[in-house]
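To start, the structure itself, in structure tokens.
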Amino acid sequence: MTPALEIKDLHAWYGESHVLHGVDMVVQPGEVVTLLGRNGAGRTTTLRAIMGLTGSRKGSIRVDGHETIGLPTYKIAHFGIGYCPEERGIFASLSAEENLLLPPQLKGTQPGMSVDEIYAMFPNLAERRQSQGTRLSGGEQQMLAVARILRTGARLLLLDEISEGLAPVIVQALARMITTLRAKGYTIVMVEQNFRFAAPLADRFYVMEHGRVVEAFGAAQLEAKMPVLNELLGV
């Protein structure tokens, strides 16, 4: 089976700053993989490098077998990748539904979710469809940021800290969303500080430190790895 995402010896820079130092990672279709690590470990930079949003990059990033390291961001997106950054990027002057309808369908991918499917998954957004972006709660904005990607037809989702700063009831709704998306065959790579949120959802974990992967293990090994994670993350 061709991996959904295969990264080999990835180096990335912001200006003169060398941030990633030879990252290796493989994500199979339909997997949920979580990148763990302290702030500054290089997890967000890894997601940004996949999308071509860092300065220079070298190494190999294959999406469904296609090499993307030399491509601009807009071409990388057309391989069916959806990136949800930490800042969410909701347009304040548009309603929730206008934000949702904004991105185009990606060419060459499966059709994205319909608005009705999205509202079935996110009832809060259906209720707030006419509300301006600024009037939505943090949790509703986060749901909208993910929902907007699902409309495009992207099948590989890169989610950066989606649970950060949100009320427990919203975090539970986001956990249900990830479980639903995995059941529908989506592939998800999450950067997550909230270990309790990430642990039950992920099939596999990569732990990063100083721009390198220092641990990689499956969900079945999680309990055995807890002493190491306590040391690396202070979970």
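Given the structure is predicted, the values throughout are model-derived calculations rather than measurements. Hydrogens, waters and symmetry mates play no part in the numbers below; they use all other heavy atoms, side chains included.
With 3.5 Å as the limit, one finds no donor-acceptor pair spanning the side chains of Q105 and R151. No side-chain donor from either of T44 and E86 sits under 3.5 Å from a side-chain acceptor of the other. Looking only at atom types and distance, the side chain of S95 has no donor-acceptor partner in the side chain of Q132 under 3.5 Å away. In this structure, a donor-acceptor pair under 3.5 Å is present between the side chains of E97 and Y119. Inspection of the Q141 and R135 side chains reveals no N or O donor paired with an N or O acceptor under 3.5 Å.
Within a 6.0 Å sphere centred on CD of E223, other residues, nucleotides and ligands contribute 12 heavy atoms or fewer.
The backbone N or O of Y14 lies less than 3.5 Å from no partner atom in the side chain of S17, so there is not a single donor-acceptor pair. Side-chain N or O atoms of D24 include one that pairs as donor or acceptor with a backbone N or O of D9 at under 3.5 Å.
Taking the charged nitrogens against the carboxylate oxygens, R43 and E161 do have a contact shorter than 4.0 Å, which makes a salt bridge. Under the 4.0 Å criterion applied to side-chain N and carboxylate O atoms, R182 and D203 are assigned as salt-bridge partners.
Just one residue in the list Q221, Q28, E31 forms a side-chain hydrogen bond (donor to acceptor under 3.5 Å, both in side chains) with R204, and that residue is E31.
In this structure, the separation between CD on E6 and CG on D64 is 11.5 Å, given to the nearest 0.5 Å. Rounded to the nearest 0.5 Å, atoms CD (Q193) and CG (D160) are 10.0 Å apart. Note that the CG atom of L53 and the OG1 atom of T73 stand 4.0 Å from one another [nearest 0.5 Å]. Taken from CZ in R48 to OG1 in T45, the straight-line distance is 7.5 Å, to the nearest 0.5 Å. Rounding to the nearest 0.5 angstrom, the gap separating the CG atom in L233 from the CD atom in E209 is 8.5 Å.
Residue pairs that meet the ring-ring contact (aromatic ring centres under 6.0 Å, His included) test with at least one member in residues 46-75, sequence neighbours left out, are H66-F79. Annotation: salt bridge (charged side-chain N to carboxylate O under 4.0 Å, His left out) contacts involving residues 110-127, sequence neighbours excluded, are absent.
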Exercise for the section: Let me see the working for K225 and E215 under salt bridge (charged side-chain N to carboxylate O under 4.0 Å, His left out), right down to the final yes or no. Expected result: CA-CA 9 Å; K225 290 287 184 182; E215 285 280 341; 3.0 Å; yes
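In this structure the side chain of R148 never reaches within 4.5 angstrom of the side chain of L101, judged on heavy atoms.
Cluster partners of F91, using a side-chain heavy-atom cutoff of under 4.5 Å among ILVMFWY residues and allowing indirect links, are L94, L102.
Aromatic ring centroids of H11 and H18 lie under 6.0 Å apart.
Heavy-atom minimum distance, L71 versus R57: O-NH2, 3.5 Å.
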